[in-house]
Amino acid sequence: MNPSSLSASSHPLARYGWDEGWEAEFVPYAEQGLLPGRVVRVDRGQCDVVTPTGTVRADTEFVVPRDPMKVVCTGDWVAVDPEGGDPRYVQTLLPRRTAFVRSTSSKRSEGQILAANVDHAIVAVSLALELDLGRIERFLALAWESGAQPVVVLTKADLVPDPVTLAHLVEDVETTSPGAPVLSVSALHGDGLDTLFALVGTGTSVLLGQSGAGKSTLANALVGEDVMDVQAARDVDGKGRHTTTTRNLLALPHGGVLIDTPGLRGVGLFDAETGVGQVFAEIEELAGGCRFHDCAHDREPGCAVTAAVETGRLPARRLDSYRKLIRENQWIVAKTDARVRAELRRDWKRKGAQGRAAMEAKRGRLR
Ligand code: GDP
Ligand code: ZN
C-alpha cells in the first residue's frame, strides 16, 4: 500500500503530527518515490527519522546548509530515500511552521536551532517558589518568538492547598500573560493533568522553564512512564542529565507529541524583540498614543504609557519589566556587534601582518 494515498488522519505518521498541510507539502516528493518522516533525533551529521515503514537512520549531507539556523533539527519534517538506499539521505527539509532558536548572539549572526514545528510552548512555573512574574514574561517572550502558542503551567499546586490563594496566583499570572492560557497542576496528586493532556493532545509541545520547575515530572506524566530523570536523580554537577530514551521526540499516549532536547532545557532569553512586543501587547498598544513614535516611555512629553501608569491603568511593574527586557535585548545585540568588530579587527591585524611580511620580503629582495 502506498502510504501517501492514505488520508492524513489515518496516515501512519498521524500520531507524529502528520496532517493535511504536510500531506500537501509532500506531494512532489511522494511523486519522486521518497518517504515522508519526522526527525526524532539528530547527532553527528545523521538523524533518526520516523517514517511510515519504521524509524530509519539517514545522512543529512544533502541538506547541510552554511546557515546553522537551517540545520536539520528535532521536529523537522523531511523527505528521505526509500528502502534500498545505503546510506539513506534526507533529501529535503519541508518548510518549518515554527522554530525555537537559541541566539547565542543576534539574529544577523549565527543562532542555534533547537526544535522545529512546535505548536504549544508549555512554560512550567513552580508554585513552590514565590512567583517571579518577570521571569514568566521572559519565557513567554521566547515562546511567542518561536511562533508556538504559549501556555503557562503552574506546577506543584499541591503546595498551595488553599483554593482561594491558588485562584489568586493563577489570576496574577493571567494578567501577566495576555493571550496565553494559564493552568495549575499537581503531578503529585494528579490535579489538572487531564486539562493538560487535552491541551497537549493536538500538535507538538515543548516544555520550557527554570531548572526545578517540574518539567521532567510533567514530561513523565505526559508520556506515562519515567523517560526523563527527575532532578533528585541527577549528577552532582547538574550537567550530566540524560534521558533514558534515545529519542528527543515522542508520540504521547493521550495524543500529541512532546519534544524534549537538552538544548531546550537550558534556554535563556533570546533576542526576542517581537516576542517581547507580544508579551506586553497592552503597552505596545498604548504606545500608539505617544506623541513621539520613538518614545522611550520615560520622561517624554505626551507619553501615553507613563500616563497609563499614573492613572493606575498599567501596573508600574509591567512597564519596568518591559523596559528591562528591551534594554537587555539591545545589550545582547550590542555585545554581538562588539564581538563581530573584535573578530574583524583580528582579521585586519592578520592581514596587516601578512602585508608587512610581504613588504619586508620585497625589501629584502631589493637589498
Ligand atoms: P525540572 O528541573 O524542571 O525538570 O524539574 P523536576 O521535574 O526534576 O522537578 C523538580 C522537583 O520538584 C523534584 O524534586 C520533583 O519531585 C518536585 N515536583 C515536581 N512536580 C511536583 C508536584 O506536583 N508536587 C510536588 N510537591 N513536587 C513536585
Ligand atoms: Zn511613550
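Counting starts at 1 for both ligands and their atoms, in listed order.
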Checklist line | N or O pair under 3.5 Å between Ala213 and ligand 1 | finding: yes

Notebook entry, point to check: Ser211 near ligand 1, heavy-atom distance under 4.0 Å?
Noted result: yes

Checklist line | Interfacing atoms of ligand 1 (cut-off 4.0 Å, heavy-atom, Asp158) | finding: 22 (C), 23 (O), 24 (N), 25 (C), 26 (N)

Item checked: For Ser186, atoms of ligand 1 separated by under 4.0 Å from a heavy atom -> 23 (O)

Checklist line | Under 3.5 Å donor-acceptor, Asp81 side chain and Tyr89 backbone | finding: yes

Next item on the list: Enumerate the atoms of ligand 1 whose separation from the nearest heavy atom of Lys215 is less than 4.0 angstrom.
Entry: 1 (P), 3 (O), 4 (O), 5 (O), 7 (O)

Margin query: Between Glu137 and Arg318, does any NZ, NE, NH1 or NH2 come within less than 4.0 Å of an OD or OE carboxylate oxygen?
Written below: yes

Notebook entry, point to check: If you measure only the distance, is there a donor-acceptor pair under 3.5 Å linking the side chains of Arg38 and Thr204?
Noted result: yes

Check: Should Thr155 be listed as contacting ligand 1, given a heavy-atom distance under 4.0 Å as the test?
Finding: no

Notebook entry, point to check: Looking at Ser126 and Thr155, what are the two nearest heavy atoms and their distance?
Noted result: CA-OG1, 3.3 Å

Next item on the list: Compute the minimum heavy-atom distance from Ala124 to ligand 1 and say whether it is under 4.0 Å.
Entry: no

Next item on the list: Identify the heavy atoms of Ala143 and Leu208 that sit nearest to each other, and give their distance.
Entry: CB-CD1, 4.4 Å

Note to self: Only heavy atoms of Gln210, strictly under 4.0 Å: list the atoms of ligand 1 that pass.
What the structure shows: 3 (O)

Notebook entry, point to check: Can you check whether Leu159 has an N/O within less than 3.5 Å of an N/O in ligand 1?
Noted result: no

Note to self: Under the side-chain contact (heavy atoms from CB on, under 4.5 Å) test against Leu154, which residue among Val160, Val182, Val123 passes?
What the structure shows: Val182

Checklist line | Residue part near ligand 1, for His189, under 4.0 Å between non-hydrogen atoms | finding: neither

Item checked: Val185 N/O to ligand 1 N/O under 3.5 Å -> no

Margin query: What is the name of the N/O/S atom of His297 that is nearest to the Zn ion (ligand 2)?
Written below: ND1

Note to self: In terms of relative ring orientation, are Phe280 and Tyr322 parallel, tilted or perpendicular, with 30° and 60° separating the classes?
What the structure shows: perpendicular

Notebook entry, point to check: Do Arg97 and Trp77 meet the cation-pi criteria used here (NZ or CZ under 6.0 Å from the six-membered ring centre, within 45° of the axis)?
Noted result: no

